Amino acid sequence: MASEIRVRIAPSPTGNLHVGTARTALYNYLFARNKKGKFVFRLEDTDELRSSDTYTKDIIDGLKWLSLNWDEGPDIGGPYAPYKQTEKVDHYEKYAHKLISSGKAYFCYCTQEELTQLKDDQKNSSMAPRYDNRCRNLNQSQIDKFQAEGRIPAMRFIVEEPRVISWHDAIKGEIAINSSDLGGDMVIVKSNGVAIYNFAVVIDDLDMKITHVIRGEDHIHNTAKQILIYEALDAPMPIFAHAALIFDIERQKLSKRKHGEAVHVDKYKKDGYMPEAIINYLAQMSWTPPNNQEIFSLDEACALFDLDKVSKSPAVFDIQRLNWFNGHYIRSLPIQEIITRALPYLSGYDLGQYKQNELEAIVSCVRDGLTTLSEIKEATQFFFDETIIVPADVKEALLSKQSSKDVLQKILEHLSEFNFGDAKACKAVVDKIGAELKLKGKDLFFPVRAALCGKTHGPDLGSTISILGRERVRSRIESALDLCAKT
RNA sequence: GCCCCCAUCGUCUAGUGGCCUAGGACACCUCCCUUUCACGGAGGUAACGGGGAUUCGAAUUCCCCUGGGGGUACCA
């Protein structure tokens, strides 16, 4: 049991739930479930300035909506609480002091201005920006002087140079980085007493007994820094896995700054995307199950997931492909489920005018044509509108024709022959009228659609007539004929 | 600038030295089904970035180049 697999998603609440974060969470979740291990949620909120509760809520809600449920986290607790970094600042400082007393870290009295100056100088002489370790060997009188000036020190970790830091990455394979490329001795505790990300993660991952760190490849250099800290603490190292990033169509990292709401998971929820589709899409982008299946559920993915099948190269976020997955799930999930999820989009309509089974019929006849659930509003509008407004172009093209008038007239005459409880039978009557008038195809169906729906595209005509029922069909055909008369 | 990562159709990918005349999916186009719409079905267009090397044989291994991306904070 000592070998239990433990992974985590550790978002920082400095923004809403990002598609990339969701993908990382998904990979961690899949890995944990596949290995019968634990999936931990931890909040990395040490950046007080940018963190907010609104973002925390958005992230938690979003991940839960995707069904990526964690076994331990700030909301449900767990054996290694707290799962929120701001609640353990003293804890990090304790470890930092340990490093100071063992000579592996020191106090740095540099001011923000001095550091900025240093960086500017380096830039001007086209040198690589890095800290010059000037506080590493301060003598007592220098320290006294800085303290007398009222400077509050930060703590820096000594980065020995040169040396090679290497690890076997579970996705990328061998990675090696020279310590000289890490930018000099690194801050581990800010002068305000709060641990910096690269230090806090290590302590947290240690505290929470994390065995595998699965994250985006933008963290590769951080990993090198963190490995140094593991070593200094003489602590066991987790296995690292860096997944390639998600790109936009221009092959740039998907970012809030550039893409705004398009990276916000909740935006897709609002737009009527299904969590099953997003999960399926995100999972199959950069990962292919052994049987090459395209469509699979979260549970199926859990059973098949493996890190070494995760692609090393970045994937472009392709909304068209997501749309295809979404349409697939809209068509294949149980109809009751679709109705429940569609309801919020239909709230503007007077649903009471239809019985429950008619409502079900409405949703099932329009769902084939939907790519997102939000489209259901427009797709079903004509069912609920009191009067149908036929757009000018449709009116022009169709209702001005004599044959159109004949069709509508005939339907009125044959109204008693319609068995409105049976969609196929309704369609059969229209077919019969077509035969009588020697009209077929568009000439036959478009005028009926135009009169009934106000448009020439729509769900199955038989179903439409059946659901609308005798009185609605009668009045809509009559209004259309009135319109014909005026043209 | 420096460091690291990556490189198969427009996009997501299969491919781990011969099964590749490079397979599948999305998108696009054509056709079929539907006397309309959608769903569905059948086809089609379309890719191994370039150069060396290893080998009887390279999409697959190695090197170089090119291209793309990421990182380079007292942010995470």
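Here is the naming used below: chain letters follow the sequence lines, and residue numbers restart at 1 for every chain. The shown structure was predicted, so the numbers you read here are calculated from the model rather than taken from an experiment.
- What separates CD1 of A:Ile319 from P of B:G10 is a distance of 21 Å, to the nearest Å.
- In this structure, A:Phe247 reaches the sugar-phosphate backbone alone: every heavy-atom distance under 4.0 Å involves primed, P, OP1 or OP2 atoms, never a base.
- Across all strands, A:Leu49 comes closer than 4.0 Å to no nucleic acid atom at all (heavy-atom distances).
- Nucleic acid contact class of A:Asn178 (heavy atoms, under 4.0 Å, all strands): none.
- Looking at heavy-atom distances under 4.0 Å, A:His221 makes contact with a base.
- Along RNA chain B, the nucleotide closest to A:Glu174 and the one closest to A:Ala315 are compared, and the more 5′ of them pairs with A:Glu174.
- Residue-nucleotide stacking is not present for A:Trp324 and B:C26, judged by a side-chain ring centre under 5.5 Å from the six-membered base ring centre and planes under 30° apart.
- Looking at A:Asp47 and A:Arg50, a side-chain N of the basic residue comes within less than 4.0 Å of a carboxylate O on the acidic one, giving a salt bridge.
- Taking the ring axis of A:Phe41 as reference, the NZ or CZ atom of A:Arg8 does not stay both within 45° of it and closer than 6.0 Å to the ring centre.
- Neither OP1 nor OP2 of B:U72 sits under 4.0 Å from any side-chain N or O of A:Lys123.
- Between A:Ile278 atom CD1 and B:C26 atom C1' the separation is 17 Å, expressed in whole Å.
- The side chain of A:Thr288 approaches B:A14 more closely than any other nucleotide in the set B:A76, B:G15, B:A14.
- Spacing of C1' atoms, B:G68 relative to B:U55, comes out at 31 Å, to the nearest Å.
- One finds no side-chain N or O of A:Arg367 lying less than 4.0 angstrom from the OP1 or OP2 phosphate oxygen of B:A38.
- Side-chain proximity of A:Arg449 to the nucleotides B:C37, B:A25, B:G70 is greatest for B:C37.
- A:Lys258 and A:Glu250 are joined by a salt bridge, as a carboxylate oxygen and a charged side-chain nitrogen come within less than 4.0 angstrom of each other.
- Residue A:Lys258 has no polar side-chain atom (N or O) positioned under 4.0 Å from OP1 or OP2 of B:G69.
- Only the C1' atoms considered, B:A22 is 24 Å distant from B:U66, to the nearest whole Å.
- Of all heavy-atom pairs between A:Pro129 and A:Gln122, the closest is CA-OE1, 3.4 Å.
- Residue A:Gln284 places none of its side-chain N or O atoms closer than 4.0 Å to OP1 or OP2 of B:C12.
- As judged by a 4.0 angstrom heavy-atom cut-off over every strand, A:Gly458 is placed among the base-contacting residues.
- For a distance-only test at 3.5 Å, the side chain of A:Asn222 qualifies as a donor-acceptor partner of the base of B:A76.
- When all heavy atoms are compared, the tightest approach of A:Tyr329 to A:Ile295 is OH-CG2, 3.7 Å.
- Remark: A:Lys377 does not engage A:Glu375 in a salt bridge, criterion side-chain N to carboxylate O under 4.0 Å.
- Taking the P atoms as reference points, B:A7 lies 30 Å from B:G44, given to the whole Å.
- Note on A:Lys427: a side-chain N or O is less than 4.0 Å away from OP1 or OP2 of B:U35.
- Distance noted for atom C1' between B:U72 and B:G18: 45 Å (whole Å).
- Looking at heavy-atom distances under 4.0 Å, A:Arg331 makes contact with sugar-phosphate atoms alone, never a base.
- Note on A:Cys110: a base of the nucleic acid sits closer than 4.0 angstrom, heavy atoms only.
- Regarding A:Asp368, its CG atom lies at a distance of 6 Å from the C1' atom of B:A38, rounded to whole Å.
- Residue-to-nucleotide contacts include no donor-acceptor pair under 3.5 Å from the side chain of A:Arg321 to the base of B:U11.
- Whole-Å rounding puts the A:Phe157 CZ to B:A73 C1' distance at 18 Å.
- In this structure, A:Gly183 reaches neither bases nor backbone, as no heavy-atom distance under 4.0 Å exists between it and the strands shown.
- One finds no side-chain N or O of A:Ser286 lying less than 4.0 angstrom from the OP1 or OP2 phosphate oxygen of B:C12.
- Summarising the base pairing, B:A53 is matched to B:U61 through a Watson-Crick or G-U wobble pair whose two defining distances lie under 3.5 Å.
- Pairing partner, B:C26: B:G10, with both Watson-Crick or wobble hydrogen-bond distances short of 3.5 Å.
- With hydrogens and angles disregarded, a donor-acceptor distance shorter than 3.5 Å links the side chain of A:Asp169 to the backbone of A:His242.
- Atom pair A:Asp248:CG and B:G70:C1' shows a separation of 14 Å (rounding to whole Å applied).
- Residues A:Arg163 and A:Glu231 are paired through a salt bridge, judged by an N-O separation under 4.0 Å between the basic side chain and the carboxylate.
- Rounded to whole Å, atom C1' of B:A73 lies 14 Å from atom CG of A:Asn192.
- For A:Asn326 and B:C12, the CG to P distance is 20 Å, given to the nearest whole Å.
- In this structure B:U72 sits in a base pair with B:G1, meeting the Watson-Crick or G-U test at under 3.5 Å.
- Among the atoms of the strands shown, base atoms are found under 4.0 Å from some heavy atom of A:Ala154.
- If you take atom C1' in B:C64 and the same atom in B:G71, they sit 24 Å apart, rounded to whole Å.
- Residue contacts shown for A:Ala176 are limited to sugar-phosphate atoms, with no base heavy atom under 4.0 Å away.
- The pair A:Arg130-A:Asp181 does not meet the salt-bridge criterion, since no charged nitrogen lies less than 4.0 angstrom from a carboxylate oxygen.
- Put simply, CG on A:Asp218 is 15 Å from C1' on B:A73, counting in whole angstrom units.
- Taking the side chain of A:Glu217 as heavy atoms from C-beta on, and the options B:C5, B:A76, B:G70, the nearest nucleotide is B:C5.
- Across all strands shown, B:G40 pairs with B:C32; the Watson-Crick or G-U wobble distances both stay below 3.5 Å.
- Considering only the side chain of A:Phe445, B:U36 comes nearest among B:U36, B:G1, B:G10.
- Minimum atom distance to the side chain of A:Gln112 is reached by B:C74, of the listed B:C74, B:G69, B:C3.
- If you check every strand for non-hydrogen atoms under 4.0 Å, A:Thr46 touches sugar and phosphate atoms only.
- Across B:A47 and B:G24, the matching P atoms stand 14 Å from one another, rounded to whole Å.
- At the phosphate of B:C75, neither OP1 nor OP2 sits under 4.0 Å from any side-chain N or O atom of A:Thr14.
- Remark: side-chain polar atoms of A:Thr372 are not paired, donor with acceptor, to backbone N or O of A:Gly272 under 3.5 angstrom.
- When distances are taken from the side chain of A:Ile196 to each of B:U36, B:C74, B:C6, the shortest belongs to B:C74.
- In this structure, A:Leu444 and A:Gln320 both approach RNA chain B, and ranking their closest nucleotides by distance from the 5' end singles out A:Gln320.
- Residue-level contact check: A:Arg50 touches the bases, meaning some heavy atom is under 4.0 Å from a base atom.
- Look at B:A46: it lacks any Watson-Crick or wobble partner with both distances under 3.5 angstrom.
- Taking atom C1' in both B:C48 and B:G70, the straight-line distance is 25 Å, to the nearest Å.
- Using a 4.0 Å heavy-atom distance criterion, A:Arg251 is classed as a sugar-phosphate-only contact.
- Here, B:U60 and B:G23 have their C1' atoms 15 Å apart, quoted to the whole Å.
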